[in-house]
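Here is how names work: the chains are called A, B, and so on, in the same order as the sequence lines, proteins then strands, and each is numbered from 1. The figures that follow rest on heavy atoms only: side chains count, while hydrogens, waters and symmetry mates do not.
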Amino acid sequence: MKTIRTPADEAEARALQDELRGLVVRDEPGPPPGTGRVTGVDVAYDDERDIVAAAAVVLDAATLDVVEEATAVGRVSFPYVPGLLAFREIPTVLAALESLTSDPGLVVCDGYGLAHPRRFGLAAHLGVVTGLPSIGVAKNPFTFSYEPPGTRRGDSSPLLADDGEEVGAALRTRDGVKPVFVSVGHRVDLPTARAHTLRLTPRYRLPESTRHADALCRRALREATAATAAPPGAAPDGRE
DNA sequence: GCGACAG
DNA sequence: ATCTTGTCGC
């Protein structure tokens, strides 16, 4: 599997996205929902200490039981720039994914796939780099627009770019609750991405996969941060 | 040019 | 993302 190149600046990052977007596969329906495995990935930051922690949690797609967990900790290698999120998140996420022993199956990202200024968001980027089918489920519409979907779980409406292009879907995962924003990453089509998202949300607005990954990367960050703040041998009573 | 802007 | 207590509700 390829490893992400860390660009020297924003212009280089955008050029890299323009280059890699051509590798996205969009003519596969993707794994059937409810079968195989689904892996949630997420990242937490401590910009103060320059630490980033990533988590990958593999779920059984049918039962949503946790099959395997992995974490990785690293240094923040890129600032947060809207549109360039992947460069900030992917290096550590890749490390976590690579330490898994089971097949990740479908990768579910906390962010966008094709719904992106250059149609190459986090989920698309991670999919291309790993070769795995991937989708993005975001909490906010970013710069895109949408008509509010019906109020019931399962209702959805198109997520539209400025030029009217459909880049994803606003999908209601709970009755009467703000929708999530689903977009295709790599080797999955939009209807399948929506179906997976619904199967992953039997109880909460966000997919179980991202909920697990979010909790795990925060835990990993706490532990990494604690190690930095109080290395072995540091004043045990807390005084300096 | 300025502000907005996934996480 | 992160800073942050209690509180309303199932």
### Summary
When rounded to whole Å, the CZ to P distance for the pair A/Phe181 and B/dA6 reads 11 Å

### Query
Are A/Arg21 and A/Asp18 close enough for a salt bridge, meaning some N to O gap below 4.0 Å?
yes

### Query
Below 4.0 angstrom from OP1 or OP2 of B/dG7, is there any side-chain N or O of A/Asn140?
yes

### Query
What is the distance, rounded to the nearest whole Å, between atom CG of A/Asp42 and atom C1' of C/dA1?
9 Å

### Message
Base, sugar-phosphate or nothing for A/Gly136? Non-hydrogen atoms, less than 4.0 Å.
### Response
nothing

### Between B/dC5 (P) and A/Phe142 (CZ): distance, integer Å
9 Å

### Message
Give me the stems containing DNA chain B, sorted by first residue, counting only three or more consecutive Watson-Crick or G-U pairs with both distances under 3.5 Å; say none if there aren't any.
### Response
none

### Query
Are OP1 or OP2 of C/dA1 and a side-chain N or O of A/Arg218 less than 4.0 angstrom apart?
yes

### Task
Kindly point out which of C/dA1, B/dA6, C/dT2 is positioned nearest to the side chain of A/Leu221?
C/dT2

### Message
I need the CD-C1' distance between A/Glu89 and C/dT2, as an integer number of Å.
### Response
14 Å

### Query
When all nucleic acid strands are considered with a 4.0 Å heavy-atom cut-off, which category describes A/Ala44: base, sugar-phosphate, or nothing?
sugar-phosphate

### Message
With a 4.5 Å cut-off on side-chain heavy atoms, are A/Leu94 and A/Leu126 touching?
### Response
yes

### A/Ser157-A/Glu147 side chain donor-acceptor pair, cut-off 3.5 Å
no

#### Entry: Heavy-atom side-chain contact between A/Leu16 and A/Phe87 under 4.5 Å
yes

### Task
Can you tell me the distance, in whole Å, between the CD1 atom of A/Ile90 and the P atom of B/dA6?
17 Å

### Query
Do the ring planes of A/Phe144 and A/Tyr112 sit parallel (below 30°), tilted (30 to 60°) or perpendicular (above 60°)?
perpendicular

#### Entry: Candidate pair A/Arg152 and A/Asp175, rule salt bridge (Lys or Arg N to Asp or Glu O under 4.0 Å), full reasoning
CA-CA 4 Å; A/Arg152 311 292 292 182; A/Asp175 291 354; 3.3 Å; yes

#### Entry: Modelled atom types, side-chain donor and acceptor of A/Glu89 and A/Tyr80, under 3.5 Å
no

### Message
Classify A/Tyr45 by what it touches in the nucleic acid, base, sugar-phosphate, or nothing, heavy-atom distance under 4.0 Å.
### Response
sugar-phosphate

### Message
Rounded to whole Å, how long is the line connecting atom CG of A/Leu122 with atom C1' of B/dG7?
### Response
8 Å

### Task
Can you tell me the distance, in whole Å, between the OH atom of A/Tyr112 and the P atom of C/dA1?
13 Å

### Task
Examine B/dA6: is either OP1 or OP2 under 4.0 Å from a nitrogen or oxygen in the side chain of A/Lys139? Give yes or no.
no

### Query
Base, sugar-phosphate, or nothing for A/Leu84, non-hydrogen atoms under 4.0 angstrom?
base

### Task
Please report, rounded to the nearest Å, how far the C1' atom of B/dC5 is from the CG atom of A/Asp162.
12 Å

### Task
Report which part of the nucleic acid A/Asp46 touches: base, sugar-phosphate, or nothing (heavy-atom distance under 4.0 Å, all strands).
nothing

